[in-house]
J.: 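Below you will find the structure I want to go over with you.
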Amino acid sequence: MPSDTEKNDAAANPAAQRRDLHTLTHGELAELLASLGQPPFRAKQVEEWVWSKNARSFDEMTNLPKSLREALAERLTLGGAVEVARQVSSDGSRKYLLRFTDGVSVECVGMPSRSKLSVCVSTQAGCAMGCAFCATGAAGLSRSLTAAEIYEQVMHVRDDFNSRVTSVVMMGQGEPFMNYDATLAALRKLNDPDGAGIGARHLTVSTCGVIPQIMRFANEPEQFTLAISLHSAVQRTRNALMPGVRKYSLINLYNVMGEYVNKTGRRPTYEYALIGGVNDTDAELQALCDFCEGTLAHVNLIQLNEVEGSKFRPSTDLRAQDFVRRLAAVGVEATVRNSRGSDIDAACGQLRQRVIGRRSS
């Protein structure tokens with residue numbers, strides 16, 4: 001039974017007793033509406049407001065009777081993230097710090113390009129993987145996000161740009177495969193025509209290489225895209241850079257990626273942040289060529305984005321082109337990623353869940 005303190009807290013905060021509408025299944029919502037004497041079609045109307053129109057209050061649901069809106073508001077909340085800060089890059093990218101109802105905050109990034117809008121979202125608040133070159137893991141993990149909280153980041157960016165989102169990358173804070181069920185549920189809602197309606201191949205999950213979940217992902221029916229944060233094909237170097245996946249050896253990763261390709265027929269991407277003097281040496285380049293040669297893969301080279309207080313520095317542009325040429329010589333396609341938002345700490349590895357200055361535009 002609840003304690004007197006819990007009862008007092010609930011009385012003082014009635015919203016704490018109400019469930020977030022985003023967490024209801026279709027069946028649960030239909031059952032609630034039926035108990036309120038509503039016809040079956042109301043469920044689809046409500047879900048359209050929640051998932052497609054990103055309604056922030058029940059008052060916005062103008063095709064529902066006022067009495068129903070009031071009844072729903074008495075029983076449910078719409079959750080909702082509050083924008084704490086926003087920064088705008090010189091390249092047009094926007095970084096947002098969003099705070100959820102329990103006070104936990106995450107960062108996400110919107111990246112416009114001509115008629116397209118890509119969104120980078122977080123799947124966890126913080127990260128437990130401890131990658132040495134990444135700002136996110138410095139403070140550790142606060143908690144995993146719900147599917148609705150992941151989805152809501154995309155909708156927040158969509159509404160701020162007033163533009164349809166054409167692709168989503170789960171490359172923000174956190175390790176998506178350490179929050180597998182919520183990540184997959186968010187992907188499916190983003191893919192759903194009654195949700196964001198984004199094509200499966202334009203929804204990408206980036207993992208440090210959590211091997212059991214890679215095979216689980218391979219068996220999902222949707223054609224979502226997979227990216228692996230590799231960063232070195234030398235075991236000792238990778239262990240030092242990515243201690244959180246030390247138990248998943250490179251030989252096992254190589255084997256499971258072969259199984260993934262055989263199972264899905266899809267080309268994975270290997271992400272490789274070039275760090276001067278660490279993973280850009282001739283020996284590291286040869287190891288990367290050996291790891292990728294003869295496989296179906298694309299290598300995405302990333303000039304390391306500088307992180308305050310880090311001992312690591314980016315490799316040179318010339319060295320990046322050396323990697324592209326050598327990989328091409330063994331039949332592996334490689335490109336150098338054009339990092340977006342580095343001037344506002346919004347690029348790969350720079351998200352750190354903090355407010356820097358005030359909201360800017």
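No hydrogens, no waters, no symmetry mates; every other heavy atom, side chains included, goes into these values.
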J.: How far apart are the C-alpha atoms of Glu28 and Arg19, what are their side-chain angles, what is the distance that settles it, and do they pass the salt bridge (charged side-chain N to carboxylate O under 4.0 Å, His left out) test?
T.: CA-CA 11 Å; Glu28 288 172 327; Arg19 189 170 168 186; 3.1 Å; yes
J.: Do Leu187 and Met215 share a hydrophobic cluster, counting only Ile, Leu, Val, Met, Phe, Trp and Tyr and linking them when any side-chain heavy atoms are less than 4.5 Å apart?
T.: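 Shared cluster, yes.
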J.: Can you check whether Ser144 reaches Gln124 side chain to side chain, under 4.5 Å on heavy atoms?
T.: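 A side-chain contact exists here, since the closest heavy-atom pair is under 4.5 Å.
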J.: Decide whether Met242 and Leu141 are clustered together by the hydrophobic rule: side chain heavy atoms of Ile, Leu, Val, Met, Phe, Trp, Tyr closer than 4.5 Å, transitively.
T.: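 Different clusters.
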J.: What do the steps show when you test Arg216 against Asp181 for salt bridge (charged side-chain N to carboxylate O under 4.0 Å, His left out), and what is the final call?
T.: CA-CA 11 Å; Arg216 186 177 172 189; Asp181 290 339; 2.7 Å; yes
J.: Do the side chains of Ser206 and Ser229 get nearer than 4.5 Å, heavy atoms only?
T.: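 Contact flag for Ser229/Ser206 side chains = yes.
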J.: Check salt bridge (Lys or Arg N to Asp or Glu O under 4.0 Å) between Arg319 and all other residues, then give those that pass, not counting sequence neighbours.
T.: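 With sequence neighbours excluded, Arg319 shows a salt bridge (Lys or Arg N to Asp or Glu O under 4.0 Å) to Asp282, Asp322, given in chain and number order.
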J.: Under a 4.5 Å side-chain heavy-atom rule over Ile, Leu, Val, Met, Phe, Trp and Tyr, are Val299 and Val234 clustered together?
T.: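 No, Val299 does not connect to Val234 through the hydrophobic network.
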J.: Using every non-hydrogen atom in the two residues, find where Val210 and Phe177 come nearest and quote the distance to one decimal.
T.: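 Where Val210 meets Phe177 most closely, the heavy atoms are CB-CB, 4.0 Å.
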J.: For Asp280 and Ala320, indicate whether the former's side chain and the latter's backbone hold a donor-acceptor pair under 3.5 Å.
T.: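 Answer holds: no.
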J.: Considering only heavy atoms from C-beta outward, does the side chain of Tyr248 approach that of Val256 to under 4.5 Å?
T.: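 When only atoms from C-beta onward are counted, Val256 and Tyr248 do not touch, as no gap falls below 4.5 Å.
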J.: Looking at Arg236 and Glu284, does any basic side-chain N land under 4.0 Å from a carboxylate oxygen?
T.: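 Here Arg236 does not pair with Glu284 in a salt bridge, since their nearest N and O are not under 4.0 Å apart.
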J.: What is the minimum heavy-atom distance between Arg325 and Leu318, and which atoms define it?
T.: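 Scanning both residues completely, I find the closest heavy atoms to be NH2-O, 4.4 Å.
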J.: If you measure from the Lys or Arg side-chain nitrogens to the Asp or Glu carboxylate oxygens, is any gap between Glu47 and Lys189 under 4.0 Å?
T.: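 Between Lys189 and Glu47 there is no salt bridge, as every charged N stays at least 4.0 Å from the carboxylate O atoms.
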J.: Just to verify, which of Thr123, Leu145, Val121, Ile150 counts as forming a side-chain contact (heavy atoms from CB on, under 4.5 Å) with Val106?
T.: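 Checked Thr123, Leu145, Val121, Ile150 against Val106; only one passes side-chain contact (heavy atoms from CB on, under 4.5 Å): Leu145.
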J.: Test of understanding: clusters of I, L, V, M, F, W, Y form through side-chain heavy atoms closer than 4.5 Å, transitively. Do Val109 and Val82 belong to the same one?
T.: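 The answer is no; the residues belong to distinct hydrophobic clusters.
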J.: Does any pair with a residue in residues 32-54 pass ring-ring contact (aromatic ring centres under 6.0 Å, His included), and if so which ones, sequence neighbours excluded?
T.: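 Sorted pair list: His22-Trp51, Trp51-Tyr151.
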J.: Side-chain heavy atoms under 4.5 angstrom apart, residues restricted to Ile, Leu, Val, Met, Phe, Trp, Tyr: same cluster for Ile211 and Phe224?
T.: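 Yes, Ile211 and Phe224 fall within the same hydrophobic cluster.
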J.: Verify side chain to side chain contact (heavy atoms under 4.5 Å, CB included) between Asp194 and Lys44, making sure each step is shown before the conclusion.
T.: CA-CA 9 Å; Asp194 292 328; Lys44 188 169 182 63; 3.4 Å; yes
J.: Side chains of Arg238 and Leu230, heavy atoms from C-beta outward: is any pair under 4.5 Å?
T.: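 Sidechains of Leu230 and Arg238: in contact.
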J.: Answer yes or no: is there a donor N or O on one side and an acceptor on the other, between the side chain of Gln153 and the main chain of Glu149, under 3.5 Å?
T.: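 Side chain of Gln153 to backbone of Glu149: a pair is present.
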J.: Tell me, do Leu68 and Met61 make a side-chain contact under 4.5 Å, heavy atoms counted?
T.: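 Not touching, per the 4.5 Å side-chain cut-off.
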J.: Side-chain contact test, heavy atoms from C-beta onward, threshold under 4.5 Å: evaluate it for Val168 versus Thr204 and give yes or no.
T.: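 Sidechains of Thr204 and Val168: no contact.
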J.: Walk me through whether Arg94 and Val157 qualify under side chain to side chain contact (heavy atoms under 4.5 Å, CB included).
T.: CA-CA 8 Å; Arg94 302 175 191 173; Val157 176; over 6 Å; no
J.: Any side-chain heavy-atom pair from Thr264 and Gln223 closer than 4.5 angstrom?
T.: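 The answer is no; the side chains never approach within 4.5 Å.
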J.: Show your working on side chain to side chain contact (heavy atoms under 4.5 Å, CB included) between Ile275 and Leu241 and close with a plain yes or no.
T.: CA-CA 10 Å; Ile275 307 171; Leu241 291 175; 3.9 Å; yes
J.: Indicate the atoms forming the closest heavy-atom contact of Arg158 with Ser52, along with that distance.
T.: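 Arg158 and Ser52 have their closest heavy atoms at NH1-O, 2.7 Å.
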J.: Val245 and Thr207: side chain to side chain contact (heavy atoms under 4.5 Å, CB included), yes or no, with the steps?
T.: CA-CA 10 Å; Val245 286; Thr207 175; over 6 Å; no
J.: Do Leu203 and Ser167 have side-chain heavy atoms sitting under 4.5 Å apart?
T.: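 Contact flag for Leu203/Ser167 side chains = no.
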